[in-house]
K.L.:
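Quick one: this structure, given as structure tokens, is what I'll be asking you about.
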Amino acid sequence: MKVFVINCGSSSIKYQLFDMTDESVLAKGLLERLGNSGANLQHQGKTGKVEPECSAKNHRDGLALILESLVHPQYGVIENIEQIEVVGHRVVHGGEQFNQAVRIDNKVIKAIEDCAKLAPLHNPPNLAGIAAAKEALPKAVQVAIFDTAFHNTLAKRAFVYALPYEWYKKYGIRRYGFHGTSHQYVAQRAAEMLGRPLSKLNLITAHLGNGCSITAIRAGQSVETSMGLTPAEGLVMGTRGGDMDPAIIFHLAGKSGMSLEEINKALQKQSGLLGISGLSNDMRDIIQAGKEGNERARLALEIFTYRLKKYIGAYTAVLGKVDGLVFTGGIGENSVAVRQRAVEGLSGLGMLLDQKANETATGGQACEISAANSGVKILVIPTNEELLIGRQSVEVAKELGEA
Ligand code: ADP
């Protein structure tokens with residue numbers, strides 16, 4: 001069965017076409033810079049192609065270009081688009097309603113629209129992708145997979161903020177959590193690697209990419225996670241600072257004359273690694289500059305890993321006993337320095353790295369990096385959100401008897 005997985009951002013479409021009979025990737029790619037100037041398509045099918053100046057004003061045009069590439073005699077991998085039976089859409093915010101993947105109908109679209117208030121940058125492009133795919137592939141089953149769904153198992157004590165309770169009831173102000181598909185995927189892989197059922201494991205999973213979040217998972221269920229109402233809370237990220245005193249906003253507005261909008265922009269786009277270092281939001285640049293003696297880059301790395309360590313400690317307390325700690329995302333999968341600093345000094349919690357294994361874990365392979373006498377297994381697992389979206393889309397289609 002051919003399953004097409006798409007992830008629409010405000011000006012981009014990331015995609016993969018799977019043959020789910022053996023979970024092989026037939027084609028994948030990224031279309032960037034959707035809009036009035038030329039868009040840029042990088043497609044890898046039978047052969048690869050880069051089209052730097054294509055015309056794609058919106059998601060509809062963009063999807064048409066991608067589908068053309070999938071059936072192209074040279075770059076394509078299928079004869080016609082009717083072979084695509086299922087489309088899996090990554091949707092960022094599903095609010096409280098969705099705890100699993102669902103077939104998209106008008107009610108689901110309405111619910112995603114309602115959640116757009118909570119994710120104004122993400123849900124509207126997700127909806128544009130859904131509309132475009134429904135139009136271009138009317139016979140395919142359309143499935144929505146929500147970033148928030150995996151965290152729907154959080155107990156009230158973990159998701160209600162200590163704020164006036166009516167705000168939760170009236171405005172939906174609560175912790176939702178994000179990166180759910182990634183945390184769930186690596187948890188399943190960790191269980192496979194440890195040779196134990198997920199239902200018997202306590203795991204801490206750290207997804208460290210441009211956005212960063214950490215989750216405590218008991219028996220396969222998310223019980224605590226660092227991102228909150230929005231993806232701004234928790235760990236230090238590329239351009240977001242994560243946890244902070246909310247009074248800073250009001251203090252700053254009074255002192256600097258910045259508008260709320262300007263402060264919000266600075267918190268979302270000019271904070272985190274970029275804000276501390278004044279240099280870059282990219283961890284590779286931060287590490288390199290630190291090696292060359294840049295003090296603020298060193299401080300950025302220190303704050304990033306210190307915050308991460310605090311969360312590992314807190315989530316150990318939440319779980320009581322931890323079987324596995326998993327690093328994933330571009331930083332988690334590749335950065336020897338981040339993993340080393342985050343785990344340093346945690347032998348009291350049963351976490352000990354094997355230095356050599358940590359140093360060699362950079363090649364995108366899943367591996368164990370804990371020392372033989374570490375009570376907690378420490379793992380590096382490349383995430384694969386697209387594959388989990390593909391699997392969950394097939395399950396939904398099968399339940400409907402459409403596959
Ligand atoms: P996204 O969240 O956009 O999917 P990724 O998961 O690809 O992003 O992660 C991007 C981050 O991974 C960037 O900060 C990048 O610097 C970091 N990264 C990638 N490779 C390395 C590396 N070898 N060492 C350190 N950081 C790396």
Side-chain angles (χ1 to χ4, degrees), residues 4-17 25-72 74-77 81 84 87-93 112 116 119-137 144-145 147 178-179 181-182 209-212 230-232 237-240 261 264-274 279-285 329-331 383 385-386 389:
F4 185 45
V5 172
I6 58 177
N7 179 359
C8 292
S10 56
S11 64
S12 69
I13 306 178
K14 225 172 165 181
Y15 61 94
Q16 286 198 20
L17 180 68
V25 179
L26 300 175
K28 62 178 178 178
L30 172 66
L31 180 65
E32 285 178 299
R33 293 200 281 115
L34 287 176
N36 288 326
S37 53
N40 181 16
L41 175 66
Q42 292 173 51
H43 170 85
Q44 182 64 50
K46 232 181 291 162
T47 56
K49 77 162 171 177
V50 177
E51 240 183 83
E53 288 293 327
C54 29
S55 158
K57 284 200 295 295
N58 49 35
H59 291 86
R60 190 162 168 247
D61 297 351
L63 189 66
L65 273 179
I66 293 167
L67 293 173
E68 266 171 41
S69 303
L70 292 177
V71 296
H72 191 277
Q74 196 180 342
Y75 317 110
V77 288
I81 56 172
I84 298 173
V87 184
H89 296 266
R90 177 188 181 201
V91 179
V92 167
H93 218 306
I112 299 172
L121 299 180
H122 296 102
N123 276 27
N126 297 158
L127 283 161
I130 291 170
K134 279 182 67 169
E135 194 181 322
L137 300 162
I145 290 87
D147 257 33
F178 298 87
H179 291 144
T181 320
S182 178
N210 280 312
C212 300
T230 75
M237 314 183 206
T239 61
R240 285 167 264 166
E261 203 179 320
N264 187 35
K265 191 169 160 217
L267 295 179
Q268 304 281 350
K269 303 261 182 216
Q270 290 146 13
S271 302
L273 295 176
L274 174 64
L279 198 71
S280 172
N281 63 322
D282 191 303
M283 186 55 93
R284 283 167 292 203
D285 298 340
I331 298 172
T383 192
E385 291 160 282
E386 290 81 7
I389 291 174

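The model shown is predicted, which means the values in this text are computed figures rather than measured ones.
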K.L.:
Using side-chain heavy atoms (C-beta onward) and a distance below 4.5 Å, is Q270 in contact with K265?
P.N.:
yes
K.L.:
If you take all heavy atoms of L274 and K269, which pair is closest and at what distance?
P.N.:
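Residues L274 and K269, closest heavy atoms: CD2-O, 3.5 Å.
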K.L.:
Is there a side-chain contact between S69 and H43 (heavy atoms, below 4.5 Å)?
P.N.:
yes
K.L.:
Looking only at non-hydrogen atoms, find the nearest pair between K14 and L30 and report the distance.
P.N.:
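Shortest heavy-atom contact: CG-CD1, 3.9 Å.
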K.L.:
From C8 SG over to H59 NE2, what is the distance, rounded to the nearest 0.5 angstrom?
P.N.:
4.5 Å
K.L.:
What distance do E68 atom CD and L63 atom CG have between them, rounded to the nearest 0.5 Å?
P.N.:
10.5 Å
K.L.:
Under the 3.5 angstrom rule, does the side chain of N281 hit a backbone N or O of T239 as a donor-acceptor pair?
P.N.:
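No.
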K.L.:
Given side chains that start at C-beta, do those of K49 and L41 come closer than 4.5 Å, heavy atoms only?
P.N.:
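K49 vs L41: side chains touch.
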K.L.:
Is there a side-chain contact (heavy atoms from CB on, under 4.5 Å) between H122 and H93? Walk through the geometry before answering.
P.N.:
CA-CA 8 Å; H122 296 102; H93 218 306; over 6 Å; no
K.L.:
For the residue pair Y15 and N7, establish whether any side-chain heavy-atom pair is separated by less than 4.5 Å.
P.N.:
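The answer is no; the side chains never approach within 4.5 Å.
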K.L.:
Do the side chains of R33 and S11 get nearer than 4.5 Å, heavy atoms only?
P.N.:
no
K.L.:
Taking C-beta and beyond as the side chain, do D285 and L273 meet within less than 4.5 Å on heavy atoms?
P.N.:
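Sidechains of L273 and D285: no contact.
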K.L.:
Show, in sequence, the C-alpha distance, side-chain angles and deciding distance for F4 and I81, and conclude whether the side-chain contact (heavy atoms from CB on, under 4.5 Å) test is met.
P.N.:
CA-CA 10 Å; F4 185 45; I81 56 172; over 6 Å; no
K.L.:
If you measure from CZ on R90 to CD1 on I145, what distance do you get to the nearest 0.5 Å?
P.N.:
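The CD1 atom of I145 is 11.0 Å from CZ of R90, to the nearest 0.5 Å.
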K.L.:
Would you check, one step at a time, whether the test side-chain contact (heavy atoms from CB on, under 4.5 Å) holds for L34 with N58?
P.N.:
CA-CA 6 Å; L34 287 176; N58 49 35; over 6 Å; no
K.L.:
Shortest non-hydrogen contact from A232 to Q268?
P.N.:
CB-NE2, 4.2 Å
K.L.:
Does NZ belonging to K46 count more than 12 external heavy atoms closer than 6.0 Å?
P.N.:
yes
K.L.:
Going through the checks in order, is the side-chain contact (heavy atoms from CB on, under 4.5 Å) test met by I13 and L65?
P.N.:
CA-CA 11 Å; I13 306 178; L65 273 179; over 6 Å; no
K.L.:
Report yes or no: does S271 contribute a side-chain atom to a donor-acceptor pair with the main-chain N or O of A266 at less than 3.5 Å?
P.N.:
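Present.
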K.L.:
Strictly distance-based, threshold 3.5 Å: is any side-chain N or O of H72 a donor or acceptor partner for the main-chain N or O of Y75?
P.N.:
yes
K.L.:
Over all heavy atoms of both residues, which pair between I6 and G129 is shortest? Give the atoms and the distance, please.
P.N.:
CD1-O, 4.2 Å
K.L.:
Tell me the closest heavy-atom pair linking N123 and I112, and the distance in Å.
P.N.:
ND2-O, 3.1 Å
K.L.:
Please report the shortest heavy-atom distance between R240 and P231, naming the atom on each side.
P.N.:
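Of all heavy-atom pairs spanning R240 and P231, the closest is NH1-O, 2.8 Å.
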K.L.:
Does any part of the side chain of L31, heavy atoms only, come nearer than 4.5 Å to the side chain of I66, both counted from C-beta?
P.N.:
yes
K.L.:
Is there a side-chain contact between D147 and V91, using heavy atoms and a 4.5 Å cut-off?
P.N.:
no
